[in-house]
Amino acid sequence: NVINVLDIEAANLADGTNIFKHFLKIEHLTAEQHEAFSSDRKLLLINGPSGSGKTIILLAKIIELIKSNKNNRVVLIIYLEFHTRFPLLCYIISELKKYPGYSR
């Protein structure tokens, strides 16, 4: 079951920017990815095999939190090895640096 990201209202920021399409260059999500992204739970365990979209959902939630309220703070702790193996993460971090409230 595939969902077009433009149909996911929660992924649209106040300025109309779609998190998945603009920041992550993603066109579709599975039903499970959509459910994880749309969850409003404070703690959510996401389990799945390599390549199932866990990192994409995490990054989308981080972007959503940062962009939805300038007072929100997010701490992302990663191993340097992880950072160099995932060019998408490097891109996301460079995009987030453009917004007020970003600090490293």
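What you see is a predicted model, and the numbers here were worked out from it, not measured in a lab.
Going from atom CD1 of Ile46 over to atom NZ of Lys61 covers 9.0 Å, rounded to the nearest 0.5 Å. Rounding to the nearest 0.5 Å gives a distance of 8.0 Å between CG of Asp40 and NZ of Lys42. In this structure, Asn4 CG and Leu6 CG are separated by 4.5 Å, a value rounded to the nearest 0.5 Å. In this structure, the separation between CD1 on Ile57 and OG on Ser52 is 9.5 Å, given to the nearest 0.5 Å. To the nearest 0.5 angstrom, Leu44 atom CG is 8.5 Å from Glu35 atom CD. Separation of atoms NE2 (His28) and NZ (Lys21) is listed at 8.5 Å; rounding is to 0.5 Å.
Looking at heavy atoms from C-beta onward, Phe20 lies in side-chain contact with Ile56 at the 4.5 angstrom threshold. Within the 4.5 Å cutoff, the side chain of Glu64 has heavy atoms near those of the Phe37 side chain. With contacts defined as side-chain heavy-atom distances shorter than 4.5 Å, the pair Ile3/Ile8 qualifies.
In terms of modelled atom types and a separation under 3.5 Å, the side chain of Ser38 and the main chain of His34 share a donor-acceptor contact.
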Inset, instruction - Given side chain to side chain contact (heavy atoms under 4.5 Å, CB included), test Thr30 with Val2 step by step and report yes or no. - result: CA-CA 5 Å; Thr30 65; Val2 177; 5.8 Å; no

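Of all non-hydrogen atoms in Leu24 and Ile63, the two that sit nearest each other are CD2-CD1, 4.4 Å.
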